[in-house]
Amino acid sequence: MLKFFYKLVMLVLVVFTTSLFSQSRSTTCSRFGIDVGSTGGLSGFDWPRDFRYAANGGNNQYDILIENWNKTGGNLNGYAVPGDVEVGAWMTVYNKKTVKYKYPTILVAGQDITDPDVYDAVDAKLPADQVIETLATTYLGISLRQRVYAWSHPNYQDFVLVHQQWINTGNTDADPKTKELPDNSFANFYLFEINTFKPGDGSHDEMCDRNHTKSDRSDIYSSTEIWAFEGDDPAQPGIIDPTRPQLLHVSVGPDLNDRWFGKTVNNEGDPKPETGELMSPMYVGEGIIHLDKSAKDRTNDLTKLKMTRWDEYYWLFHGETQAREDRYNVYRNGYHSEFFVADQNPDAADIYIGSQRCLSTFGPWDGFAIGDTVNLVFVRAAKGISSQLAREKGAEWLNWWQNGQGAFNDQEKNKLLRTGKDSLIACYHKAKTLWENNLKLPEGWNPQPPQKLEIINTDSNYLALTWLEPANSTNISKYNIYYAIGSRDAQYELLATTPHNPGPTQYQYVYRNPKPGFAHYFNLTAVDMNGNESSQYLCRTNRLAIYPGLAKGESMKDVRVVPNPFVYDKNAVENYTGERDKIMIAGLPPGRTEIRIYTLTGDLVRFLVHDVNTGGNDGLDYSNLKKGRRYLTISDNNQYIASGVYVYQVKSLDGHGEKTGKFIVIR
């Protein structure tokens, strides 16, 4: 068998790995965010962007498989092992990000929290809100030019479109003007993609209480994928329907039978043990929209999707000689996995996928000579129920699981989650239409966001928001102000609407009677005459909360601990929305104050310094704690303090005296 393999046409493989270097760029304007590495590799995804559990895992790799390379001694072994190719197989020429609108300046209580994301240019004529363009070369003389498009429009903000051009340039280094292989050619050219998406891939560190053991949570961090070959014609299984995007795979959070506190639980959607919140309510995947018919013919030919299947990661990268030969046969045999079925029963299709990968081969394209190019266009997307619904319905499900009350059981929970699959497929079709319409948005462009937003915490009665109108404000009709309390969640509520006035360039809104001690987040958008709204993700304060305080104390007698007693709730009910285990020291006098927390035996638990004037807050909250420690119930040694009575000592550094008092912690 091995001799026969050596008699096959010469094969060369180069691995395109997803790696993030200093040149990495990210899409940041929409609900779906993705990272683009210095050689074009895609990794991770955030969806929805403001959801507390949005950060998810995933990556892709590309193999280039060629036959009959005309380079003398190109590959004497007939194949190369992934990961063992020459050093410098991929060279970055550039990886640049262009944005349609400059990022607004954002100030919160005097602190500049303008989006630190790096972009290289601003271009008002861009065909999307953001475009990341990459050019990379390989030692095979094949270059990749890739463009990743992202939109902020509400109907197009759940996906990115990726356009790849694979070009035989003959260039093998980082200088695109050189041509080290001027007569470079191959008989056949294939692309092989190794893909994975992991909703909730190790990103849910807050999901378990302090009694949840490692063994209990081990398989929560795995992934289950539901495979669906949407491109199949349902009437003719295995026959590609060219009117439908080729859905390579769909993935949802774990749906294994997990163990919580000694009891079996259905884990689909990754529910949080304490509250039932569904931490992975999203479906994510990739769909192929366009494949060139040949290196000369740009006609869309989706039959160039030659192979789709899933297999083990270990087999893919660590097999011996026989396995390598089998792997290449898999690359080229046109096999489609049985999991790729149009209307597969989700329960029947679920598999444990912890070390698996989705494998796909595109091609072959014949006679790949200098100057020849093939285009590949695909969509990456995520859809699912909202984070608000994930909390509400998750709580209902937990009540059913714990107490046997209510009708929202495992079946209803999973049925609700699986609506995300249909939404994802609809998203693919929308992306396909957008590509076929030359990236022209039928609803029109979103307007430019305001240039600057500043939020000032003046006193306990109100917060002041001021902003500058967009640089191009001729078509602006109004501004929408959204807010969220306690959590920088994607479900911001509309707080107020302010009309646009042709005269002034600076606007102000006063938010009266905010909730003292609670984290407040804001989001400002501009709305044009046609009702189009600027991005929900560009002019927002999600990187830093502002905390309205209680009235400042006039003397030390006003100092108090809220709540007192503090009762730790094992079900993670938050006494301050979005912030667990938080205690406020309220009524602090003006100026600087030293605060010490002791046990009854005199051991120092915490030492803190707070400035009411500069902190914009009379109360002590986690935005003002030293060294980034978030909760007063965590000691200076970073440990949760035990039940008991504690003594607080407050000393003014500006002549307002001292006070000593007690508070109780019940755990």
Side-chain angles (χ1 to χ4, degrees), residues 27-34 36 40 42 45 47 97-101 122-134 145-166 230-231 233 240-248 250 284-294 296-305 362 373-383 422-448 472 475 527-538:
T27 61
T28 56
C29 64
S30 60
R31 195 155 46 204
F32 182 79
I34 198 166
V36 183
L42 308 177
F45 73 93
W47 189 95
K97 176 176 178 178
T98 305
V99 298
K100 195 176 189 69
Y101 303 124
V122 179
D123 183 359
K125 297 181 179 180
L126 211 62
D129 287 83
Q130 296 181 355
V131 177
I132 300 174
E133 184 172 9
T134 309
R145 175 173 281 112
Q146 176 178 274
R147 297 178 183 89
V148 177
Y149 300 91
W151 290 267
S152 66
H153 193 285
N155 292 333
Y156 303 93
Q157 64 172 341
D158 296 305
F159 63 84
V160 294
L161 267 176
V162 182
H163 177 200
Q164 294 181 341
Q165 292 178 308
W166 297 87
E230 173 68 7
D233 182 347
I240 288 179
D241 179 356
T243 66
R244 308 170 77 176
Q246 306 304 295
L247 173 58
L248 293 190
V250 179
V284 60
E286 177 178 299
I288 304 300
I289 290 177
H290 178 94
L291 293 167
D292 278 352
K293 187 176 185 65
S294 74
K296 305 292 185 183
D297 188 344
R298 304 303 173 216
T299 303
N300 190 12
D301 182 6
L302 295 181
T303 64
K304 290 294 182 181
L305 176 57
F362 311 103
T373 301
V374 293
N375 292 271
L376 186 156
V377 181
F378 59 90
V379 54
R380 291 201 168 195
K383 290 290 285 185
D422 294 333
S423 299
L424 184 67
I425 293 173
C427 191
Y428 289 164
H429 285 272
K430 186 177 295 184
K432 181 175 184 289
T433 300
L434 183 60
W435 174 257
E436 291 170 347
N437 288 337
N438 297 316
L439 305 181
K440 184 177 180 181
L441 294 180
E443 291 86 351
W445 282 103
N446 294 57
Q448 185 174 356
N472 182 7
N475 197 34
V527 183
D528 66 18
M529 298 295 183
N530 298 318
N532 294 316
E533 193 171 15
S534 61
S535 172
Q536 294 274 348
Y537 299 93
L538 291 181

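Positions are given from 1 along the sequence.
Distance check, rounded to the nearest 0.5 Å: CG of N530 to CG of N532 gives 6.0 Å. Rounding to the nearest 0.5 Å gives a distance of 10.0 Å between CD1 of I289 and NE2 of H429. From L161, atom CG reaches atom CZ of R147 across 13.0 Å, with rounding to the nearest 0.5 Å. A distance of 10.0 Å separates CG in N155 from SG in C427, rounded to the nearest 0.5 Å. With values rounded to the nearest 0.5 angstrom, H163 atom NE2 is found 10.5 Å from E133 atom CD. One finds the OG atom of S535 at 13.0 Å from the NZ atom of K100 (value rounded to the nearest 0.5 Å).
Side-chain contact between V374 and F362 is absent, with no heavy-atom pair separated by less than 4.5 Å. Contact of the W47 side chain with the S30 side chain is not registered, since no non-hydrogen atoms from C-beta on lie closer than 4.5 Å.
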Run the side chain to side chain contact (heavy atoms under 4.5 Å, CB included) test on T28 and Y537 for me, step by step, so that the C-alpha distance in whole Å, both residues' side-chain angles and the decisive distance to 0.1 Å come before the verdict. CA-CA 7 Å; T28 56; Y537 299 93; over 6 Å; no
Side chain to side chain contact (heavy atoms under 4.5 Å, CB included) for Q164 and F378? Distances and angles first, verdict last. CA-CA 9 Å; Q164 294 181 341; F378 59 90; 3.8 Å; yes
Given V36 and Q146, is the side chain to side chain contact (heavy atoms under 4.5 Å, CB included) satisfied, shown in steps? CA-CA 10 Å; V36 183; Q146 176 178 274; 3.9 Å; yes
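Considering L126, D129, V122 in turn, D129 is the only one that fulfils the side chain to side chain contact (heavy atoms under 4.5 Å, CB included) rule with Y101. When each of V379, V377, L42 is checked for a side chain to side chain contact (heavy atoms under 4.5 Å, CB included) with V162, only L42 meets the rule.
In the model, T299 has no side-chain atom that pairs as donor or acceptor with a side-chain atom of D301 under 3.5 Å. D123 and T98 are not linked by any side-chain donor-acceptor pair at a separation below 3.5 angstrom, with hydrogens and angles left out of the test.
Contact between E286 and Y428 at its shortest, heavy atoms only, is N-OH, 2.8 Å. The heavy-atom pair separating E533 from P447 by the smallest distance is C-CD, 3.6 Å. The minimum heavy-atom distance linking N472 with Q448 is given by the pair N-OE1, 3.6 Å.
Ring planes of Y149 and W151: parallel class, angle under 30° (limits at 30 and 60°). Ring orientation note: the planes of H290 and W435 are tilted relative to one another, at an angle of 30° to 60°.
N375 contributes no side-chain N or O that, together with a main-chain N or O of Q165, makes up a donor-acceptor pair within less than 3.5 Å.
Of the charged side-chain nitrogens involved, at least one lies within less than 4.0 Å of a carboxylate oxygen, so that R298 and D292 count as a salt-bridged pair.
Heavy atoms from other residues, nucleotides or ligands lying under 6.0 Å from CG of N438 number 12 at most.
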